[in-house]
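Contents: one structure, followed by commentary.
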Amino acid sequence: NEIYEANKNVTKVGDYLIQNNYLQMIKAFKLILEEDLHPNGLSKSHLEDISIDLITLINRLDTREPVFTSIFHGSFEPANCLKKSGKIYLNNFEKFEQDMPLLFDAFHYIFYQLEKEPMPLMGELDDIMKYLFKNKSLLKLIEKHSINFKLNLALFHIHHIIYKVESFLKQRFINPKANFTLTFYKQALERINSIKVQWFYRI
């Protein structure tokens, strides 16, 4: 929380989406599909469905809504944490980014736990979410800034899934897990697209 506070900013959802070039990246996915350049073994229909679901989600967001941002470690998971003398130390800042929504590291932890399974299951999300949100400091962070939890989760879906799909497309070998993971992403997007992500925001 101290690190987040020291680097905290606020931006509009629309500005955040533009700065991260999400729509351009999705268009690049569609071009790869049209040119039939996707790697052998990667489901073309999965990629097409994911692209449609991502655009649907982006179009549902209120671009005028403010969102609190801070640093994003980008790989917040047990392997990159060291506890010593009651303090947590982080390493591996290779995926570090600035001005990302405040809950991104928490959501990355959830997806990491799911994706490490050979076949990630959407049904496990609720149990991991409940475990994570027993953390009092995280709850204080949400309450202090009146964070729109669903909006942060929707933005994380967009960011995380786009970059995961990009990593699959760059691979030069057949990844036996890719299509299982893409199925999980499709289910995650369908789930987030079925709930309301906007609310009256107070600063």
Side-chain angles (χ1 to χ4, degrees), residues 1-26 54 57-58 60-116 125 128-167 170 185 188-189 192 195 197-203:
N1 281 351
E2 292 175 7
I3 297 174
Y4 294 147
E5 287 285 354
N7 295 274
K8 189 181 67 181
N9 291 299
V10 64
T11 187
K12 300 289 185 184
V13 168
D15 293 335
Y16 167 82
L17 294 171
I18 291 170
Q19 289 165 7
N20 287 278
N21 297 312
Y22 292 135
L23 284 174
Q24 286 80 357
M25 294 180 73
I26 296 170
L54 284 167
L57 181 54
I58 288 172
R60 291 182 62 221
L61 301 177
D62 183 353
T63 57
R64 301 164 298 175
E65 186 167 352
V67 58
F68 283 107
T69 64
S70 188
I71 65 167
F72 173 45
H73 179 270
S75 192
F76 184 67
E77 52 206 52
N80 294 325
C81 300
L82 172 66
K83 187 174 183 180
K84 186 177 181 181
S85 301
K87 293 185 178 180
I88 296 289
Y89 295 87
L90 295 177
N91 58 23
N92 186 9
F93 283 79
E94 183 179 338
K95 297 180 180 178
F96 168 86
E97 295 181 71
Q98 291 182 312
D99 293 325
M100 305 300 281
L102 274 174
L103 298 184
F104 267 30
D105 277 322
F107 292 137
H108 171 86
Y109 181 84
I110 293 172
F111 270 65
Y112 165 80
Q113 294 294 335
L114 291 170
E115 290 168 359
K116 70 181 183 180
L125 178 64
I128 298 176
M129 193 81 78
K130 289 175 185 176
Y131 172 79
L132 181 70
F133 285 92
K134 288 179 180 178
N135 186 301
K136 292 181 180 179
S137 62
L138 186 62
L139 292 174
K140 285 172 67 176
L141 184 72
I142 293 171
E143 183 179 353
K144 179 177 180 178
H145 303 293
S146 297
I147 292 174
N148 184 338
F149 176 84
K150 292 178 181 177
L151 172 64
N152 271 248
L153 183 58
L155 292 174
F156 181 79
H157 274 62
I158 294 166
H159 180 84
H160 183 77
I161 293 174
I162 284 176
Y163 280 95
K164 281 290 186 175
V165 169
E166 183 187 42
S167 72
K170 287 180 176 178
Y185 290 154
L189 285 167
I192 199 72
I195 64 174
V197 295
Q198 300 171 12
W199 74 334
F200 179 74
Y201 194 97
R202 297 169 300 150
I203 295 183

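Residue numbers start at 1 and run along the sequence shown. Reckoned from all heavy atoms, side chains included, excluding hydrogens, waters and symmetry mates.
When each of E77, H160, H73, K95 is tested with H108 by the rule side-chain hydrogen bond (donor to acceptor under 3.5 Å, both in side chains), just one qualifies, namely E77.
How far CG of L102 is from CG of N152: 7.0 Å, rounded to the nearest 0.5 Å. Taking CZ of F72 as the start and CZ of F107 as the end, the distance is 11.0 Å to the nearest 0.5 Å. Summarising the geometry, atom CE belonging to M100 is positioned 8.5 Å from atom CG belonging to L155; distances are rounded to the nearest 0.5 Å. Expressed to the nearest 0.5 Å, how far CD of E65 lies from CG of L151 amounts to 5.0 Å. With rounding to the nearest 0.5 angstrom, the CG atom of L189 is 3.5 Å from the CD1 atom of I161.
In terms of modelled atom types and a separation under 3.5 Å, the side chain of N80 and the main chain of F76 share no donor-acceptor contact. In this structure, N9 contributes its side chain and S70 its backbone to no donor-acceptor pair below 3.5 Å.
Residues V165 and L54 have side chains not in contact (no heavy-atom distance under 4.5 Å, counting atoms from C-beta outward). Using a 4.5 Å heavy-atom cutoff, the side chains of V67 and N148 are not in contact. No side-chain heavy atom of P66 sits less than 4.5 Å from a side-chain heavy atom of T11. Using a 4.5 Å heavy-atom threshold, the side chains of L103 and L153 count as separate. Taking 4.5 Å as the limit, every side-chain heavy atom of L82 sits out of range of all side-chain heavy atoms of N91.
The two residues D105 and G74 make their nearest non-hydrogen contact at OD1-N, 3.2 Å. Taking both residues in full, the closest heavy atoms of L61 and A154 are given as CD2-CB, 4.2 Å, listed atom of the first, atom of the second, then distance.
Ring geometry for Y185 versus F111: interplanar angle under 30°, hence parallel rather than tilted (30 to 60°).
Remark: F96 pairs with I71, F93, Q98 by the side-chain contact (heavy atoms from CB on, under 4.5 Å) rule, at least two apart or across chains.
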| said: Test salt bridge (charged side-chain N to carboxylate O under 4.0 Å, His left out) on E5 and K8; report intermediate values, then the result. | reply: CA-CA 5 Å; E5 287 285 354; K8 189 181 67 181; 3.6 Å; yes

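With ring centers used as reference points, Y4 lies 6.0 Å or more from F104.
Counted within 6.0 Å of CD1 on I3, heavy atoms from surrounding residues, nucleotides or ligands total 12 or fewer; the atom is thus considered open.
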Taking only distance into account, with no hydrogens and no angle test, what donor-acceptor pairs under 3.5 Å do side-chain atoms of residues 16-25 form with protein atoms, sequence neighbours excluded?
from : atom 1 : to   : atom 2 : distance (Å)
Y16  : OH     : Y22  : OH     : 2.7
N20  : ND2    : Y16  : O      : 2.8
Y22  : OH     : H159 : ND1    : 2.7

